[in-house]
Amino acid sequence: MGIRYWEKERMFQLDTPNTSYVIGIADQEGFLGHVYYGKRLSGVQGAERLLRVDRPLEDWQVYNRDRLSFLDCFPMEYSGHGVGDFRESSIRVKDSGGHSAVLLTYRSHEIYQGKRKLEGLPATFGTKDEAATLAITCRDDAVGLEAVLEYSVFEDTDAIARSVRLTNLGKEPLVLEKVMSGCLDMDNRDFDMITLHGSWARERRIERKKLGHGVHSVSSLRGESGHQEHPFMALLESTATQTAGDVYGFHFVYSGNFIAQAQVNQFDSVRVVMGINPEDFAWTLCQGESFQAPEMILVYSGQGLGGMSRSFHDLYRRHLIRSPYRNKKRPILINNWEATYFDFDQDKLFDIAKEASQMGIEMLVMDDGWFGNRFDDNRALGDWKVNEEKLKGGLKALVDRVNGLGMDFGIWFEPEMVSPESELYRAHPDWAIAVPGREPGRARNQYVLDVSRREVRDCILDQMFRVLHSANIRYVKWDMNRPLSDLGSAALPAGRQGELYHRYVLGMYEMQERLLAEFPELLLENCSGGGARFDPGMLYYSPQIWCSDDTDAIERLRIQEGTALIYPLSTMGAHVSVCPNHAVGRVTPFATRGFVALAGTFGYELDVTKLSPQDKETVRRQVVMYHRFNDLVREGDYYRIASFGDNHLFDCFQVVSRDKKESLIFFVQVLGEVNQKSRIVKLQGLAGDRSYDLREVVMDGKDTQDIIRESGLSFGGDLLMNGGLVIDRPWGDFQARLFWLQEKQE
Ligand code: GLA
């Protein structure tokens, strides 16, 4: 790992264990250009040619005659606006005269060990031993604007973190109308583009298509990252697979409006930009003030999509998730949402907890419906006081009873929202986001609180802290059940309403920061109508995020596959729920639901008091399974073997321990086929020169602890990877099998 400045070549070389990123300074004017991103290099000799300045720069007088053609093809490290580069800009600034041309050029740089915090924003981190940072200062004197472009590399992960900080050096205010967090110019190599799309209960489906000319983008204007599109984009060679080929992945560490664009231009070069969505964004920067743009993550993999996924997973597990839980087994929880919805009282919850505790479940999470007069979802958001009609005796009494069973207790909040029918709204109608004279649109019959305002945040946090201090509560589910609309803040002056979307996100981050400062040991799970705010920004605060309101094991295969393309399995909230499934009405075997949930955080969301004795026994076995395998699932390397989304028949993925001594193979036959032979799946990530014993995890052993079935078979790692593992075809639809490979003990 390291960052070098090559004086003669005027180039910066940033190295991660297997990749290099090279930036060059061209000409006396100091154009900052992108030179290279790919497999690790030994040095930069001759790399000037890659800047594609087709005539020698000494000829600059001649060159200047055609400055526009130069600027329109030079590979810019951070593209300007309105001065002759007609591709996507990275920045647009209005000066006091109303002009918006800007071009930032090199002034100085600093290289240091470690990584600075991004003020007010979630970001990756690393100590002096783990990370190094290059900070390049650029300026545009005509505008009076300074930009510090920061790049950090990590000694143990093939990822680069970029961010930008802008400062107004002039006397007059500037208005930032567009600030991308990064820009990358490359030659198009017949790239495909991968993005993630979805909807409520159908999040993050992988879409791959050819990258043609023009601009291709994904974005959100919902005030959150959203169910629909994801702040992620990958460009990959059209021949790239899970195991081979060049892949570039880009991910945005932010939880609000975003845009990611890939543009193929007239010269077949491609420009990627990613940042806060410029639509409805205008940020006034007065003299001396700075604006910090969120972080963008770049990953290059020369080993296909799998290599990219594993780099993102490692980065997030080591350098983004701060929670004390990030490397710990989480308690197996049972959430009452799908069990009771709003219809519960303390006895009902206690009965569920009691039954659950007897099966080894470790925490009861009380979901929506416990506060104010919240008998349905039309009221009470904002009134975070326990409803003693439902919970007679109060919260502490219930929590103490649950604790008495040896179980922990968790609770649900939706802190950013207010119901029109609530004490809070009656007292402070101007605290809801709204445009004067226009009734704001409701969603789930609720409004969004203007958490850009300190007094709003204080009021909500104050109520939350009171609840959380009143009993032994170890977990919070922080929900957010509607997008933002009708943007207007009663606290912002007319000219600054364009700051609200971003100020909202900063306010929400600050609330999470304060919650964790007050309760450092709290296990926080973020959520947004399922997985609408499953993004790296939220991971900084919570080690896990509810993946989707669709808990059907088969639907989850695709949702969890798309999520695992970038996120470690340890972050994906996944529960076993009842059948017919509440989202799709499908009936799947109890064992299949357990195997699929094992590939996430693992928990339950059903009324265990109503389970058959046989299903209760399966729960007990699943608890044994979780304790036996969660370390491997949480810490291991993830390999995608086959995708139900592609083949429409079966799904297969694998987790391998770091030392390659053991591996789990998850196989789900979604649809049975008649008259077919057994299936062969080629495994990955094993040690080719070692032998492995094959065992199977089963839910029908002699007794509860008996979940491992010997096969009596052993295989060479190279055979399993090149020849494959033969799986006898299960009988029926939705059948899952879980295999366990362990290095043979001599
Ligand atoms: C959202 C969440 C659910 C549940 C409900 C409660 O939809 O995703 O898990 O908490 O809210 O209203």
Side-chain angles (χ1 to χ4, degrees), residues 198-204 222-228 255 333-344 348-349 352 363-384 387 390 409-419 421-422 442-449 464 467 473 475-484 508 523-535 538 542 544-552 555-556 559-560 563 571-578 581-584 593 597 600-607:
S199 183
W200 172 75
R202 232 182 323 110
E203 294 89 340
R204 289 174 293 285
R222 295 168 183 267
E224 60 175 349
S225 39
H227 296 102
Q228 290 74 11
S255 313
L333 62 82
I334 180 154
N335 179 304
N336 72 306
W337 179 241
E338 287 195 27
T340 65
Y341 296 104
F342 294 99
D343 184 18
F344 62 85
K348 177 73 206 159
L349 291 181
I352 291 178
M363 179 189 274
L364 174 74
V365 174
M366 179 170 69
D367 209 279
D368 195 352
W370 58 267
F371 52 91
N373 63 344
R374 184 83 168 168
F375 292 98
D376 58 35
D377 60 5
N378 290 313
R379 62 206 85 242
L381 291 170
D383 299 342
W384 300 106
N387 178 324
K390 280 189 183 179
F409 192 88
I411 197 166
W412 178 98
F413 285 98
E414 197 178 352
E416 301 152 71
M417 298 291 152
V418 65
S419 307
E421 194 187 319
S422 65
R442 298 180 190 194
R444 212 189 189 203
N445 210 0
Q446 62 199 52
Y447 294 146
V448 184
L449 279 175
M464 289 175 74
V467 171
I473 298 173
Y475 160 109
V476 163
K477 178 171 169 188
W478 180 306
D479 210 337
M480 194 256 194
N481 276 324
R482 62 155 286 177
L484 275 58
M508 180 272 294
L523 173 56
L524 181 63
E525 176 155 354
N526 271 292
C527 172
S528 178
R533 211 160 55 182
F534 203 122
D535 60 56
M538 302 316 290
S542 65
Q544 59 196 57
I545 304 177
W546 184 230
C547 207
S548 176
D549 278 344
D550 192 337
T551 51
D552 172 67
E555 292 298 300
R556 276 294 183 120
I559 296 168
Q560 294 182 194
T563 309
T571 64
M572 307 192 316
H575 298 166
V576 173
S577 64
V578 79
N581 179 270
H582 290 189
V584 281
R593 286 176 256 161
T601 55
F602 194 75
Y604 292 86
E605 186 152 342
L606 41 74
D607 186 349

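Counting convention: from 1, in listed order, for ligands and their atoms alike.
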Requested in this report: Work out whether the distance between some heavy atom of R444 and some atom of ligand 1 is less than 4.0 Å.
Outcome: yes

**Report entry** Carboxylate-amine/guanidinium proximity below 4.0 Å for K348 and D607
**Finding:** yes

Query - Selection from V365, N335, D367 by shortest heavy-atom distance to atom 6 (C) of ligand 1 - result: D367

Report task. Report yes or no: is the cationic atom of R556 (NZ for Lys, CZ for Arg) closer than 6.0 Å to the six-membered ring centre of W546, at no more than 45° off its axis? Result -> yes

Report task. Side-chain contact test, heavy atoms from C-beta onward, threshold under 4.5 Å: evaluate it for E605 versus I334 and give yes or no. Result -> no

**Report entry** Ligand-side contact atoms (ligand 1) for residue partner G530, heavy atom cut-off under 4.0 Å
**Finding:** 8 (O)

Report summary line: Per-atom filter on ligand 1: closer than 4.0 angstrom to a heavy atom of D549 are 1 (C), 2 (C), 3 (C), 7 (O), 8 (O), 9 (O)

Query raised in the report: Numbering the atoms of ligand 1 from 1, which are under 4.0 Å from a heavy atom of C527?
Result: 2 (C), 8 (O)

Query - Parallel, tilted or perpendicular: ring planes of W370 versus F413, cut at 30 and 60 degrees - result: perpendicular

Requested in this report: Would you check whether D368 has a nitrogen or oxygen atom less than 3.5 angstrom from a nitrogen or oxygen atom of ligand 1?
Outcome: yes

Report summary line: side chain to side chain donor-acceptor pair (under 3.5 Å) filter on E203, not counting sequence neighbours, yields S548

Query raised in the report: Which bit of K477 is near ligand 1, meaning a heavy atom under 4.0 Å away: side chain, backbone, both or neither?
Result: side chain

**Report entry** Within-4.5 Å side-chain heavy-atom neighbours: D368 and Y341
**Finding:** no

Report task. Could you tell me how the ring of F342 sits relative to the ring of W337: parallel (under 30°), tilted (30 to 60°) or perpendicular (over 60°)? Result -> perpendicular

Query - Side chain, backbone, both or neither: the part of D479 lying under 4.0 Å from ligand 1 by heavy atom - result: side chain

Requested in this report: Select one of side chain, backbone, both or neither to describe which atoms of E525 lie under 4.0 Å from any atom of ligand 1, heavy atoms only.
Outcome: neither

